[in-house]
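Have a look at the structure below, then the notes.
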2 protein chains.
Amino acid sequence: MQNDDLLRLENQLCFPLYAASRLVTRLYQPLLEAHGLTYPQYIVLLILWEQDGLTVSDIGDKAMLSSNTLTPLLKRMQTAELLERARSEFDERKVIIKLTDKGQALKSEVACIPLQLLENSRIDIEKAKQLKSLLDELIGKLA
Amino acid sequence: MQNDDLLRLENQLCFPLYAASRLVTRLYQPLLEAHGLTYPQYIVLLILWEQDGLTVSDIGDKAMLSSNTLTPLLKRMQTAELLERARSEFDERKVIIKLTDKGQALKSEVACIPLQLLENSRIDIEKAKQLKSLLDELIGKLA
DNA sequence: CAAGACTATATCGTGCGCGATAAAAAAGAT
DNA sequence: ATCTTTTTTATCGCGCACGATATAGTCTTG
């Protein structure tokens with residue numbers, strides 16, 4: 001493949017990744033907005049629903065985000081009364097994030113969303129699994 | 001699969017997409033920054049190197065972006081003297097984007113980047129192709 | 001040709017992402 | 001014990017993304 005071909009948009013792996021990610025976010029957006037959530041906030045909730053009481057950097061490790069993104073995001077979620085932020089009493093550097101009742105309760109409200117999106121979009125479930133496993137592998141190599 | 005499992009981060013297709021897209025952007029970022037480019041600006045250049053003289057919405061169709069994102073971005077690229085923005089003389093609503101010599105010249109400078117990234121990351125070329133085709137299919141269904 | 005509909009771009013506001021840096025607490029070193 | 005290093009969170013600035021809206025040019029239709 002010549003350099004010229006390597007620079008064609010259609011031959012880039014980066015662009016479909018970028019485009020697909022934004023398209024999927026757009027798919028979630030109206031459903032999440034109904035619950036006052038943004039997409040990254042939903043990611044944080046997915047993490048906290050699995051394990052509550054994590055520190056900011058614990059969440060950061062899982063979401064691949066750091067404090068410059070997470071601190072303001074978590075503050076907004078605190079303002080929305082979805083979670084509480086409190087310094088650890090054992091290590092004052094750490095901030096422990098705990099879901100409020102409202103944050104916990106949201107779980108059952110949005111539980112239907114993944115399935116709903118899967119059904120509404122005509123996505124082949126086998127191809128989705130294949131895609132996910134290729135993405136996980138890519139992430140493993142880049143993270 | 002139960003609702004609870006459907007909400008586990010590890011079972012979401014959306015998250016690896018979001019994470020992989022950001023990881024790949026981070027891979028490009030230092031190489032692009034050396035040429036004063038951001039990742040979305042690079043995407044716009046890829047488009048214009050293929051076909052110059054497009055309108056804002058032509059570029060938007062290809063990049064899946066609209067004027068609220070593109071107008072400021074193109075203005076920054078104009079300030080960087082990579083391109084010129086001029087109203088069409090036939091239809092004054094349209095803005096024609098033309099690369100400057102500097103914008104054209106950048107093509108040969110960044111031509112090595114895709115291959116360089118492919119080689120530096122230990123990405124299997126066959127899996128990359130497979131991934132791209134699955135992403136293209138997904139985009140086709142969602143766009 | 002005037003009024004309304006439509007199209008193309010621009011503007012505005014909000015929320016990310018993230019590099020760079022700061023500040024404070026904890027851990028380690030001498 | 002003091003000094004240095006590391007860890008953890010927060011702050012700042014900039015550039016996207018994008019919904020909502022504005023503005024101006026073009027087209028359509030009576």
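Heavy atoms only: backbone and side chains are in, while hydrogens, waters and symmetry mates are out. Just so it is clear: chains get the letters A, B, ... in the order the sequence lines come, proteins before strands, and each one is counted from 1.
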Dump the pairs, protein N or O against N or O of nucleotides 2-6 of chain C, anything under 3.5 Å, distances to one decimal.
none

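Not counting sequence neighbours, B/E92 has no partner by the side-chain contact (heavy atoms from CB on, under 4.5 Å) test. Every side chain to side chain donor-acceptor pair (under 3.5 Å) that B/S57 has, sequence neighbours left out, goes to B/T55.
Scanning residues 58-69 of chain A for heavy-atom distances under 4.0 Å to DNA chain D yields A/S67, A/N68. The stretch residues 70-77 of chain A comes close to DNA chain D through A/T71, A/K75, each having a heavy atom under 4.0 Å from the strand. For the contact set between residues 78-89 of chain A and DNA chain C, defined by any heavy atom under 4.0 Å, there are no members.
A donor-acceptor pair under 3.5 Å links the side-chain atoms of B/S108 to the main chain of B/A105, judged by distance alone.
In this structure, A/R26 is not positioned above the aromatic face of A/Y28 in the sense of NZ or CZ being under 6.0 Å from the six-membered ring centre and within 45° of the axis.
Side-chain contact between B/L99 and B/L82 is absent, with no heavy-atom pair separated by less than 4.5 Å. The side-chain heavy atoms of A/L54 and A/I97, taken from C-beta on, include no pair separated by under 4.5 Å. Contact check for B/L106 versus B/H35: side-chain heavy atoms found under the 4.5 Å cut-off. Using a 4.5 Å heavy-atom cutoff, the side chains of B/L13 and A/L135 are in contact.
For the OP1/OP2 pair of D/dA17 and a distance below 4.0 Å, the side-chain nitrogens and oxygens of A/Y18 include at least one atom meeting the criterion. For D/dC16, the OP1/OP2 oxygens have a side-chain nitrogen or oxygen of B/T38 closer than 4.0 Å. Distances shorter than 4.0 Å separate none of the side-chain N or O atoms of B/Q29 from OP1 or OP2 on C/dG17.
With salt bridges taken as basic N to acidic carboxylate O contacts below 4.0 Å, one links B/K132 and B/D136.
As judged by a 4.0 angstrom heavy-atom cut-off over every strand, B/T55 is placed among residues touching the sugar-phosphate backbone only.
Hydrophobic clustering of Ile, Leu, Val, Met, Phe, Trp and Tyr side chains at less than 4.5 Å, counting indirect connections, unites A/V24 with A/L117. Side-chain heavy atoms closer than 4.5 Å link hydrophobic residues (I, L, V, M, F, W, Y) into clusters, and following such links, possibly through other members, connects B/L142 to A/L31.
The residue among A/R22 and A/K94 whose nearest nucleotide of DNA chain D lies closer to the 5′ end is A/K94.
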* Verdict with supporting geometry, B/Q78 and B/T100, side chain to side chain contact (heavy atoms under 4.5 Å, CB included) -> CA-CA 9 Å; B/Q78 183 179 30; B/T100 60; over 6 Å; no
